[in-house]
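A quick write-up on the structure given underneath.
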Amino acid sequence: MKALKSNNMLKIIFIIFIFLNIHIFGNDMEFISEGNHIIPLESSNISIKKERIELKKLDDYDMSVKVEFVFSSDEAGRKMIGFITPNDEYFDDKPPYDPENIKNFKTKVNGKEVKIKTEKMSTFIKKAHFSPNDKNNYLENYKEAYAYYFEADFKKGENVVEHSYTYCGIIYSMNEREYGYVLTTISRWKDKKVDDFEITVDMGDEFFILPYTFWKDERPVNWEIVGEGRKVMKKNRYPYDGVENYHGNAYFKMKKGYVKFSAKNFSPDREFRAVIPSRGYVGADEVIDGHIFSDRLMKIGWNLDFRHPEAIAEAEKLTDFELEIIKNFPFAVHGYEFSRKDLKDYFSKFFWYYPKGKADVSGYEYETRTRIINEILEKRKKRK
């Protein structure tokens, strides 16, 4: 089985970008990759004055990333900047990670674009300023990987570094797409914080999920809707209850605009991640703070997509109208505006339903669901 390519977003300022503990495991429809670690080089005299992150989902579900840093350096000098691709631990021979999913990568330092070089890790390790323990660890675990790096001149005082790229994220059965960005390495820089931090997330009109918290004390992130949309926050009661984020979720459905979080002296303990749930599976919880996310019919439809015998048996007992509801759930998730009052009234109770007009729904799962429902209705028609 060939694992689906995936990339977590890169933060690249005097850093080596290492994916540690990459675990990819799956069945026919599930691929999960997790675990990242960024290690700063020569950064003891550098602090982050400002960080601006702009994330925007594109029409093909790639994520566009634009990041601007303002760093304060106590001294001028030429610095090495780069990241290392991981080995893929899913395969016994651990082939090097393929960076091709990072597209249109550009970096500027103080307004000047820099050229990226590529070398085997075993060669690059001789140029980097690693401790003996780190050097041995990287050579042992990443000697077949590649280092992507460049050099840039930094001046004393403030330096502006900008980079932009697109990447595909992670795909697996419960989610349409998942995107991550490493934040915790802020603690590796001087002062261990960002004086002025802001992140904006533009997912279009998708139903999506963001982190409930960035901190060990579990205080919620003050996500702000800029435009028109809905938000509901849920802190997990248990260590893991089947939802997408270990510590909790912030659920959003936007009609227009984006979501923003800004803070002074930002020092996170946890990473950022954005999740777009699968079209037929918009949340494990049925009701959150009075908001309905799914119900019995939606769950039957989700299981019909995968031909579960129990779901087919349940569907055969439903009324014709209930089968119509299951058949139309994918359209509702896409924001289809129903002309029939009974269907519109039914779907309007869901948090994620924002009618916008027409909706294009296709795909293997929807076709399977429709075929099963049509077969049930046809058998009923013949019996009558």
Which atom pair, heavy atoms only, marks the closest approach of [X] to [Y]?
{"X": "T319", "Y": "E322", "result": "N-OE1, 2.9 Å"}
{"X": "E218", "Y": "Y212", "result": "O-CE2, 3.4 Å"}
{"X": "S64", "Y": "T166", "result": "CA-CG2, 3.9 Å"}

Within 45° cone of F329 ring axis and under 6.0 Å: K327 NZ or CZ: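 No, K327 does not lie over the aromatic ring of F329.
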Distance-only donor-acceptor check, side chains E206 and Y61, under 3.5 Å: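 Looking only at side-chain atoms, Y61 and E206 do form a donor-acceptor pair, the distance falling under 3.5 Å.
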Between K193 and N265, a side-chain donor and acceptor under 3.5 Å: yes
Aromatic ring pairing H163/Y165, orientation class (parallel under 30°, perpendicular over 60°, tilted between):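 Answer is parallel, since the angle falls under 30°.
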Candidate pair Y354 and E337, rule side chain to side chain donor-acceptor pair (under 3.5 Å), full reasoning: CA-CA 8 Å; Y354 246 137; E337 189 164 5; over 6 Å; no
Sub-4.5 Å side-chain heavy-atom contact between [X] and [Y]:
{"X": "K155", "Y": "N110", "answer": "yes"}
{"X": "R273", "Y": "I209", "answer": "no"}
{"X": "L323", "Y": "I325", "answer": "no"}
{"X": "V109", "Y": "F154", "answer": "yes"}
{"X": "F347", "Y": "N328", "answer": "yes"}
{"X": "L210", "Y": "V259", "answer": "yes"}
{"X": "T213", "Y": "R270", "answer": "yes"}
{"X": "F351", "Y": "I292", "answer": "no"}

Short question: side chain of [X], backbone of [Y] - any donor-acceptor pair under 3.5 Å?
{"X": "Y353", "Y": "Y336", "value": "yes"}
{"X": "W223", "Y": "P211", "value": "yes"}
{"X": "N249", "Y": "K234", "value": "no"}
{"X": "R177", "Y": "I276", "value": "no"}

Residues which pass side chain to side chain contact (heavy atoms under 4.5 Å, CB included) with K260, listed by chain and number, not counting sequence neighbours: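 Applying side chain to side chain contact (heavy atoms under 4.5 Å, CB included) to K260 gives E198, T200, E224, V226, Y258.
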All side chain to side chain contact (heavy atoms under 4.5 Å, CB included) counterparts of K106, not counting sequence neighbours: E113, S164
From R380, K382, E375, residue fulfilling side-chain contact (heavy atoms from CB on, under 4.5 Å) relative to E378: K382
K356, H334, M254 screened by side-chain contact (heavy atoms from CB on, under 4.5 Å) with D205, the one that passes: K356
Common cluster, I186/V70, ILVMFWY with side-chain heavy-atom separation under 4.5 Å: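 I186 and V70: separate clusters.
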Aromatic ring proximity F293/F350, centre distance under 6.0 Å: no
SB check K57 D62 (cutoff 4.0 Å): no
